[in-house]
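Reviewing the structure listed below.
All residue numbers refer to positions in the sequence shown, counting from 1. All ligand and atom numbering here is 1-based and tracks the order in the structure.
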Amino acid sequence: MSTGLEGIVAAETVLSHVDGERGELVLRGLRLEEAARLEFEEVTALLWQGFAPEADASDALAERLGQARLVAFAMAEPLLPAASRLTPVEGLRLLLSAIPDAEETPHHLMAVAAVPVFAAALGRIAAGDAPVPPDPALRTAEDFLAMLHDRTPSADHARALETYLITVADHGLNASTFAARVIASTRAGLFSSVVGALCALKGPLHGGAPGPVLDMLDEIGGEESIAGWIEGEIAAGRRLMGFGHRVYKVRDPRADVLRGVVRPLSSPRVAFAEKVEAAAIAALERAKPGRNLQTNVEFYTALALEAVGIPRPLFTPVFALGRMAGWTAHVLEQEQTGRLLRPLSRYTGPAVRVAAE
Ligand code: ACO
């Protein structure tokens with residue numbers, strides 16, 4: 001038994017492979033570095049259908065996603081007052097839960113289309129602005145930024161976000177994907193499965209880390225405080241957000257892809273963040289020698305999302321937007337090939353009491 005299920009294979013999948021020793025991520029036969037050059041719609045189609053699609057197949061998917069975004073916008077409108085009383089990730093949870101199982105649009109398509117619409121609307125309301133409807137002619141990343149900011153994004157920003165979405169699209173049997181597969185295995189349906197996945201993603205040990213990464217950079221403040229701040233956190237037994245990973249024992253390859261995305265965006269944070277990164281890795285090596293605690297995807301996620309103008313409370317919803325491609329593909333795979341997931345527990349409670357005579 002292992003309490004964190006580490007080392008346990010709980011599913012077979014054709015969707016992605018994480019090689020934690022070599023620092024490699026493969027998405028259905030494509031290395032992440034290759035996949036990151038495609039469009040998000042192409043990678044979504046690759047995960048769903050299992051082949052690198054022709055350009056027109058990606059166009060067709062983009063068009064269907066655009067139409068589904070319009071359906072999602074109409075669906076969200078009456079629920080936005082209630083959803084916007086919550087944090088954006090909680091609001092997203094509410095809105096996704098409200099999609100009926102009887103929805104006519106194919107559910108995997110609807111789920112991927114709905115997240116950018118819901119997340120952008122929640123972001124706008126949180127900023128005191130009215131939601132902006134989707135433009136079905138745009139691609140997912142571009143339309144999300146257009147809905148959020150009510151203006152056409154620069155090509156650089158749209159591409160940076162798109163690369164981010166691909167980078168997080170799928171990642172083996174991570175906690176949220178496992179949650180999705182457990183729920184799918186009961187035949188509860190795709191929407192229930194992805195709501196469960198979102199709930200798992202929300203935790204700070206999984207998808208909730210990038211906001212705290214920026215909080216950390218803010219708290220550190222300036223270069224002169226880096227070493228002292230980091231040592232203080234480690235001495236207090238707190239974790240440095242954006243470092244360490246359950247599977248990667250070397251550098252998370254997604255961190256490098258995203259570093260390549262943020263460097264050209266000339267965000268003032270990047271040079272400072274790279275100094276914090278170097279100091280954190282060195283301090284973690286001193287504190288936990290041999291564990292090789294390295295930068296994970298969340299560190300550069302924080303910088304990339306901030307650079308394209310996404311507010312911190314939307315970071316986890318935007319992660320969910322990318323990961324929805326993987327969650328839906330896993331749910332489809334689980335429904336087609338999997339069995340009910342039902343492990344055992346070992347009882348460590350009190351011995352059975354003998355009833356008094
Ligand atoms: N800062 C300080 N110490 C750390 C960190 C960190 N970021 N990560 C691990 N450690 C320490 C632990 O305290 C532990 O020390 P101990 O054995 O002396 O108690 C040791 O390293 C191993 O930690 P575990 O918790 O066993 O490692 P696990 O594989 O469970 O943790 C995790 C992985 C949860 C990601 C962890 O590294 C962490 O909490 N990181 C910070 C949060 C974060 O960045 N989350 C995003 C992860 S990426 C993603 O989910 C998309």
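At least one heavy atom of G242 sits less than 4.0 Å from an atom of ligand 1.
When each of R251, R263, R31 is checked for a salt bridge (charged side-chain N to carboxylate O under 4.0 Å, His left out) with D256, only R251 meets the rule.
Counting heavy atoms from C-beta outward, V318 and L165 have side chains that approach closer than 4.5 Å. Looking at T140 and L321, their side chains come closer than 4.5 Å, going by heavy atoms from C-beta outward. Proximity of I281 to E285: side-chain heavy atoms (C-beta onward) are nowhere separated by under 4.5 Å. At a threshold of 4.5 Å between non-hydrogen side-chain atoms, the residues F315 and T301 do not count as touching. Looking at L96 and M324, their side chains come closer than 4.5 Å, going by heavy atoms from C-beta outward.
The part of E298 lying near ligand 1 is the side chain, judged by heavy-atom distances below 4.0 Å. With a heavy-atom cut-off of 4.0 Å, N296 touches ligand 1 through its side chain alone. Of all the heavy atoms of V297, the ones lying under 4.0 Å from any atom of ligand 1 belong exclusively to the side chain. Contacts between P204 and ligand 1 below 4.0 angstrom, taking non-hydrogen atoms only, involve the backbone exclusively. Contact annotation for K288 and ligand 1: only side-chain heavy atoms (C-beta onward) come within less than 4.0 Å of the ligand. When heavy-atom distances to ligand 1 are checked against a 4.0 Å cut-off, L293 comes that close only through its side chain, counted from C-beta outward. With a 4.0 Å heavy-atom cut-off, ligand 1 is reached by the side chain of R291 but not by its N, CA, C or O. Contact annotation for V168 and ligand 1: no heavy atom of the residue comes within less than 4.0 Å of the ligand.
Taking the ring centroids of H171 and H245, they lie under the 6.0 Å cut-off.
From D135, atom CG reaches atom CZ of R69 across 7.5 Å, with rounding to the nearest 0.5 Å.
Closest to atom 13 (O) of ligand 1, if we only count protein heavy atoms, is R239 NH2, 3.7 Å. Annotation: atom 3 (N) of ligand 1 to nearest protein heavy atom, L284 CD2, 3.9 Å. Closest to atom 29 (O) of ligand 1 among all protein heavy atoms lies R246 NE, 2.8 Å.
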(request) Before giving the answer on side chain to side chain contact (heavy atoms under 4.5 Å, CB included), spell out for V194 and L198 the whole-Å C-alpha distance, their side-chain angles and the decisive distance to 0.1 Å. (result) CA-CA 6 Å; V194 299; L198 176 68; over 6 Å; no
(request) List the steps and the verdict of side-chain hydrogen bond (donor to acceptor under 3.5 Å, both in side chains) for T337 and E12. (result) CA-CA 9 Å; T337 62; E12 286 194 330; over 6 Å; no
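Protein heavy atoms all stay at least 4.0 Å away from atom 27 (O) of ligand 1.
When only interatomic distances are considered, the shortest N/O to N/O separation between L240 and ligand 1 falls below 3.5 Å. For a threshold of 3.5 Å applied to N or O pairs, the pair formed by G207 and ligand 1 contains no separation below that value.
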